[in-house]
**Q** 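Before anything else, here's the structure in question.
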Amino acid sequence: MPKIQVNNLSKIYGSSPEKAIEMMENGYSNDAIRKQTKNVVGIKNVSFSIEEGENFVIMGLSGSGKSTLLRCMNGLNKPTKGTIIIDGQDISSVSKQELREIRRTKMSMVFQRFALLPHRNVRDNVAYGLEVQGMTWELRKEKAMQSLELVGLEAWSEYYPENLSGGMQQRVGIARALATDPDILLMDEPFSALDPLIRQEMQDELIELQKKLRKTILFITHDLDEALKIGDRIAIMKDGEISQMGSPEDILMSPATDYVARFVESVDRSKALTASSVMIKPRSVIYPKDGPMVALRIMERYGMSGLFVTDRDGAYIGYILAEDASKMAKQGERLLDPGIRKEAPVVAPDTPLAEILEVMAYTRIPIAVVDEQQKLKGVLVRGSVIAGLAGERREHDGFTA
Amino acid sequence: MDLLPRIPINRWTDIGIEYLQIKWGGGFDSLSEFLKGFIISLQDLLIFIPPALMILILALLAWRFINKKAALFGIIGLYLIYNVGLWGATMQTLAMVISSVVLCIILGIPLGILAAKSDTAHQIITPILDFMQTLPAFVYLLPAVTFFGLGVVPAAIATLIFAMPPVIRLTDLGIKQVPEELVELGHSFGSTFHQMLFKIELPLARPTIMAGINQCIMLSLSMVVISAMIGAKGLGGEVWRAIQRMEIGNGFEAGLAIVVIAILLDRITQSFGKNED
């Protein structure tokens with residue numbers, strides 16, 4: 001069961017939403033609805049689901065309905081139509097008390113402009129949610145300090161928000177959201193108000209934090225680069241509708257509409273794409289005990305100048321060049337071992353292309369993509385990397401070094 | 001122009017006042033007794049404190065909340081008042097002003113909260129406040145006397161009518177000015193109405209509310225001479241007597257005493273609005 005399930009959600013602003021909904025269902029445009037009924041369409045028949053522990057990003061420009069959608073999740077906005085089911089409970093039909101309880105324990109929000117209370121010090125800001133729950137002073141102080149440690153601000157607990165930089169203020173905002181230990185984090189453009197460098201730092205920190213905490217995150221942004229970096233899945237919104245939903249690679253490699261394509265054009269692919277999205281399958285590998293003659297024969301068959309060496313379980317060992325293999329064959333070596341180049345470059349599947357390009361510049365041989373268990377997942381050759389940068393998804397049937 | 005016969009607002013008012021007096025006269029009497037008891041006890045307390053101690057207290061307050069210069073001004077100003085023999089009258093006036101301001105706060109802040117939270121309440125309250133602030137004081141002085149007799153109580157009520165509107169208006173404004181994101185913050189963490197009010201809205205509105213209370217004090221002081229006409233004593237009474245007897249010098253002294261008190265109270269309450277906790 002997904003953590004959050006949104007079904008056919010619509011939100012109309014105005015005095016006669018029924019009529020607007022009817023027109024919307026009959027296929028009238030937002031403009032036509034606005035002109036005829038004076039109602040504004042905020043969200044238009046949106047459906048999606050978010051799994052537990054997932055980073056779900058909603059990306060869109062201002063007026064796309066992304067913030068409205070986020071605020072429907074915790075009832076700050078009331079949907080006009082449709083359901084939001086969180087842990088099997090429909091948020092739009094719960095009582096006031098139930099909604100308050102859900103807001104106190106199940107989800108918390110991080111705000112674009114931090115929303116820190118200026119009359120409280122950092123610790124008491126972080127403790128706000130706990131205080132509202134009615135927790136004793138001693139306990140909430142302790143929990144607030146634990147939460148501040150998560151974001152590395154425990155030394156600043158006695159300071160007031162005005163003494164903190166923007167990045168630190170937002171860390172306090174995140175600590176506050178985490179203090180109540182909610183399952184769900186609703187993040188409303190949390191890094192948009194920060195300088196670019198601080199923003200990237202905060203993104204990295206959020207990713208690190210999320211590895212530890214595995215919360216379900218609904219993250220709103222207007223920055224596609226940010227969406228691609230943070231999201232496990234991304235929904236791109238325009239005029240209250242979802243234009244496309246999918247993994248960062250789906251969005252980059254096969255934009256569904258012109259609107260999405262225009263966004264994707266401006267993305268720095270070398271940062272957004274990772275090794276796993278441009279690597280190809282090695283056509284063949286060789287095992288150490290196979291000997292130089294076998295290696296040469298395989299290279300000859302596929303027209304390659306080298307081969308990756310793995311053990312029987314697929315664990316990466318190294319790379320053998322054709323010239324080394326033929327030298328060894330002439331010397332009558334029976335085993336490949338002495339010729340294997342173990343210092344050959346290796347990257348992890350989540351390495352961004354930008355870093356791979358650096359490695360690739362200094363080596364002639366293909367780069368192995370190796371996971372945490374040392375398994376060879378794929379290989380990177382110049383052709384596939386350049387194709388990825390150019391925005392093409394081509395099925396390579398082999399590689400040329 | 002003469003399409004309608006003269007509308008007898010005057011007679012309606014008379015009848016209304018008369019009706020209220022007959023119907024609620026007892027209630028007004030007991031309210032009057034209560035207020036009188038409160039104001040007189042406060043007066044007695046203030047007069048009971050030796051002038052030297054009182055000057056010291058006020059100077060320390062000024063020092064603590066403003067600065068040394070203000071404290072020095074307090075000592076000189078208050079000593080001057082003592083020196084010209086207006087100490088008793090000043091304490092009477094202070095008791096009146098404090099009582100009126102306390103009443104204004106007790107009534108005004110809840111009304112301001114109500115106006116901020118409900119559009120209907122706001123729409124009802126606003127014209128009443130306009131009425132209270134612009135109706136000439138002499139017009140409601142008389143009904144105040146018919147309900148509460150002569151003395152400090154009708155004076156306090158008249159002061160209340162004149163001085164309460166800024167408390168209501170600025171409480172309303174202060175709460176409405178709380179940034180939308182902070183209101184959302186309160187809701188998103190599941191705050192109740194009370195938590196919202198006491199943990200977020202009122203603390204953030206505090207400087208604005210304090211400005212309202214400051215205005216309230218200033219307006220209360222400006223009512224002391226008018227209050228004196230219906231029997232409240234104090235510095236207003238001194239001024240009023242001096243005017244009637246053409247004693248320009250005595251009038252000036254009493255007026256000066258009012259100014260000293262006004263400046264001291266103004267500076268101290270202004271500093272409450274600025275100081276962070």
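Computed over heavy atoms, backbone and side chain alike; hydrogens, waters and symmetry mates excluded. Lettering follows sequence order; numbering is per chain, from 1.
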**Q** If you count the non-hydrogen atoms of other residues, nucleotides and ligands that lie under 6.0 Å from CZ in R113(A), is the total more than 12?
**A** no
**Q** If you draw a 6.0 Å radius around CD1 in I7(B), do more than 12 non-hydrogen atoms from other residues or ligands fall strictly inside?
**A** no
**Q** Please give me the minimum heavy-atom distance between H119(A) and I200(B), naming the atom from each residue.
**A** CE1-O, 4.3 Å
**Q** Measuring heavy-atom distances to chain B, does L116(A) have an atom under 4.5 Å in its side chain, in its backbone, in both, or in neither?
**A** backbone
**Q** Does K78(A) NZ have over 12 foreign heavy atoms under 6.0 Å away?
**A** yes
**Q** Are the side chains of L117(A) and P203(B) in touch, meaning some heavy atoms are under 4.5 Å apart?
**A** no
**Q** List in chain and number order the residues that pass ring-ring contact (aromatic ring centres under 6.0 Å, His included) with Y159(A), two or more places apart in sequence or in another chain; answer none if no residue qualifies.
**A** W156(A)
**Q** Does OH belonging to Y79(B) count more than 12 external heavy atoms closer than 6.0 Å?
**A** no
**Q** Among residues 174-199 of chain B, which residues come closer than 4.5 Å to chain A, judged by heavy atom distances?
**A** E181(B), L182(B), E184(B), L185(B), G186(B), H187(B), S188(B), F189(B), G190(B), S191(B), T192(B), Q195(B), K199(B)
**Q** Which atoms of R71(A) are under 4.5 Å from chain B, going by heavy atoms: the side chain, the backbone, both sets, or neither?
**A** side chain
**Q** Quick check on F114(A) against chain B: is it the side chain, the backbone, both or neither that has a heavy atom closer than 4.5 Å?
**A** backbone
**Q** Answer yes or no: does atom NZ of K143(A) have more than 12 heavy-atom neighbours from other residues, nucleotides or ligands under 6.0 Å?
**A** no
**Q** So does K81(A) have more than 12 non-hydrogen atoms from other groups sitting under 6.0 Å from NZ?
**A** no
**Q** For Q112(A), which atoms come within 4.5 Å of any heavy atom of chain B: side chain, backbone, both, or neither?
**A** both
